[in-house]
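Down below is the structure, laid out as structure tokens.
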Amino acid sequence: MPSGSNAWWRDAVIYQVYPRSFADSDGDGLGDIPGVLNRIDYLQNLGVDAIWISPFYPSPLRDGGYDVADYRSVDTRLGTVSDVEQLINAAHARNMKVFMDIVPNHTSSEHAWFQEVLRSEPGSPAWNRYVIKEGKGEDHELPPTNWESVFHGPAWSPLVLANGERTKYWYLHIFDSSQPDLNWENPEVRAEFLDILRFWFDLGIDGFRIDVAHGLIKDQTFPDIDYSMVKERELLGEPILSPYWNQDGVHEIYRDWRTLADTYDPPRVFCGETWAPTPERLALYQRPDELHTSFNFDYLRAGFDADRLKQSIDATLLNHKLVGAPPTWVLSNHDIVRHATRLAPGQSDHPTVPPTPENADRGLARARAATLFTLGLPGSTYLYQGEELGLPEVLDLPGDVRQDPVWFRSNGTDIGRDGCRVPIPWSGDIPSYGFGPGEQSWLPQPSEWAHLSVQAQDSDDTTLNFYRSALARRRSEPATGDGELQWRTSELTQTEGVLAYTRPHPQLPMTCVLNTSDHNISLPNEFGTEILQASGPGVAIVGSEDGEHTVIAPDTAIWLRG
Ligand code: NOJ
């Protein structure tokens, strides 16, 4: 498989499986790897090119598996290494690739390495694998810096040894206190992760999504952060460089990883979870000798706003072109409010109250429109399990079932991410809707989800069938995927919240139009008249004095020949 301009990953549609919530084969209420295997034909029929499976390593599950206790094994509740191998083989037999997650920024505090820290002397080699520093203050009672955890509260905790002795040292955890940050200045850490990559590459895995890819290297001067300045500059839209994100030294790590991936046939592939302050900084990760692709979260944050979407697309295309890499688009994942809810009128990026039924319908229409618009863009696209069913965010989970550390660390003031992790409804009228053989599911499913199940949406004009048809169309249209994009302009696109682009092709060019305005728009005929795919029912051919026009309703996107 080439790693150059025709490589599969340059235009793939990759489906994210959050394994604990996808399908439960044994009835313990937790999804598992055999559950994914049982549903592999569903994924093939959906029309995706690859799946990415979120962590399935042994884990105390303090952060949904992103707290890894052993990187060369599988959580017994989720399956075995041999199950993963079978899944890879089954996917390959269907011409699909399989990505898994690697979590290199931190381990679980239950990982053997951290346990060794707790049983050894200060300053021993075991300590040098983590970011551990003396506390400030006369009795070292203060953390070494004022850094805040992404999950609320301080990013340092006092290091208390296994024998109960409280030391003068603190360990860094940019996330939960059960996720100590590794010290990537230590060559032993680098060697260990190359070896872990090799373990899974040898098993046949096609690539890795890299968790917190931008966070591995910390500013070794450990400066305090002026958070009031950070807030001010964020409000002004000015990027700032944090002492623990996007440090220059991180790129060296990925050059080593790329060298390893390129020794395989076919070459293995990386996608970084890179939250970068600017599209320019994001593109640095995709230089030819580093990561193949990286999520582009700037686009995800652009909402249903034509100007912001266009700005984000322009900056992304420009910067990726400079490094010769394809962009990667995503609208939902396991950390973010599902886009059917997020894009509903009047919703913020962090809603706490569900939209009204009318706005929920518009949210779904907008989500479908945004998906179709995104699938037409150059590059690859990630889908998140359940978005093909139009699942909304579940905002009303009771506190006592919530599991996200964000909920606990914020003392219940931030509801966290459980609402996008509710298990998938597959069939039937009552929970667990075929998620498992019985009624169990690790997060409760809403009682009104029967009509959203795969079975209920298998026929007719459903969101599931819209995804199937859009993905099939994307496959058969030669202009989609990697390549050029040309914006189409007319009076309409300049004034009305309408975006239109063409994907050029000598015989079969394709144009995509998105209507984010709140009224019908009538398309100039030069945009094309043959409709290839619509995101919803609001498209009509209407006669007028100067001939026939395509009229597109609000919250709708279409693909046209032209
Ligand atoms: C990003 C992952 O997507 C998220 O789920 C996790 O909590 C953090 N990284 C920490 O690993």
Side-chain angles (χ1 to χ4, degrees), residues 14-22 31 52-71 75 99-111 114 130-131 147-153 155 157 171-182 184 193 196 208-216 218 242 244-246 250 270-276 285 291 293-297 300-301 328 330-338 349-350 382-386 393 402-410 414-422 442-443:
I14 300 164
Y15 182 98
Q16 181 189 356
V17 170
Y18 191 70
R20 293 195 298 146
S21 302
F22 187 67
W52 149 39
I53 317 176
S54 285
F56 43 72
Y57 307 99
S59 163
L61 297 181
R62 293 277 297 274
D63 182 23
Y66 284 92
D67 46 331
V68 179
D70 176 358
Y71 290 86
D75 188 325
F99 271 36
M100 61 187 276
D101 241 287
I102 183 88
V103 187
N105 181 66
H106 44 265
T107 67
S108 158
S109 50
E110 290 190 14
H111 188 282
F114 198 71
Y130 290 91
V131 183
W147 298 358
E148 289 170 7
S149 150
V150 175
F151 290 167
H152 300 275
S157 289
Y171 67 93
L172 179 69
H173 53 86
I174 297 295
F175 295 90
D176 187 53
S177 56
S178 67
Q179 294 167 296
D181 277 53
L182 285 162
W184 277 86
F193 271 85
I196 294 165
F208 282 95
R209 174 265 193 193
I210 307 167
D211 189 61
V212 203
H214 55 306
L216 277 43
K218 276 75 186 180
S242 141
Y244 50 84
W245 301 141
N246 295 294
V250 81
F270 296 111
C271 177
E273 186 212 14
T274 40
W275 292 83
Y285 290 90
L291 305 181
T293 56
S294 271
F295 290 116
N296 169 15
F297 294 117
L300 178 150
R301 286 183 285 206
T328 297
V330 59
L331 289 166
S332 279
N333 68 29
H334 65 292
D335 291 330
I336 288 158
V337 171
R338 283 185 175 280
D349 279 355
H350 301 286
Y382 278 75
L383 306 177
Y384 176 50
Q385 66 180 38
E393 185 80 3
R402 289 192 178 276
Q403 306 209 7
D404 187 349
V406 169
W407 164 257
F408 298 109
R409 288 181 62 89
S410 70
D414 182 339
I415 59 174
R417 303 160 295 174
D418 291 313
C420 60
R421 300 173 178 181
V422 172
W442 69 281
L443 284 173

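Both ligands and their constituent atoms are indexed starting at 1 by order of listing. Excluded from the calculations below are hydrogen atoms, water molecules and symmetry mates; all remaining heavy atoms, backbone and side chain alike, are included.
With a heavy-atom cut-off of 4.0 Å, Gln16 does not touch ligand 1 at all.
Heavy-atom proximity to Val212, at under 4.0 Å, picks out these atoms of ligand 1: 9 (N). Counting the atoms of ligand 1 from 1 in the order shown, those under 4.0 Å from a heavy atom of Phe151 are 7 (O). Of all the atoms in ligand 1, the ones that sit under 4.0 Å from a non-hydrogen atom of Arg417 are 4 (C), 5 (O), 6 (C), 7 (O). For ligand 1, the atoms closer than 4.0 angstrom to any heavy atom of His106 are 10 (C), 11 (O). If you number the atoms of ligand 1 from 1 as listed, the ones under 4.0 Å from a heavy atom of Arg421 come out as 5 (O).
Between Ser21 and Trp442, the side chains place a donor N or O and an acceptor N or O closer than 3.5 Å (distance only, hydrogens not considered). Inspection of the Tyr244 and His214 side chains reveals no N or O donor paired with an N or O acceptor under 3.5 Å. For the residue pair Asp70 / His111, no side-chain donor-acceptor distance below 3.5 Å is found, with atom types taken as modelled.
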TODO: Mind running salt bridge (charged side-chain N to carboxylate O under 4.0 Å, His left out) on Arg209 and Asp101 for me, showing each step along the way?
DONE: CA-CA 5 Å; Arg209 174 265 193 193; Asp101 241 287; 2.7 Å; yes
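Taking the centre of each ring, Trp52 and Phe295 come in below the 6.0 Å mark.
Among protein heavy atoms, atom 7 (O) of ligand 1 sits closest to Asp63 OD2, 2.6 Å. Given atom 11 (O) of ligand 1, the protein heavy atom at minimum distance is Asp211 OD2, 2.7 Å. At the shortest separation from atom 5 (O) of ligand 1 among protein heavy atoms lies Asp335 OD1, 2.7 Å.
With respect to Arg409 and Asp404, no salt bridge is recorded, no charged nitrogen being found less than 4.0 Å from a carboxylate O.
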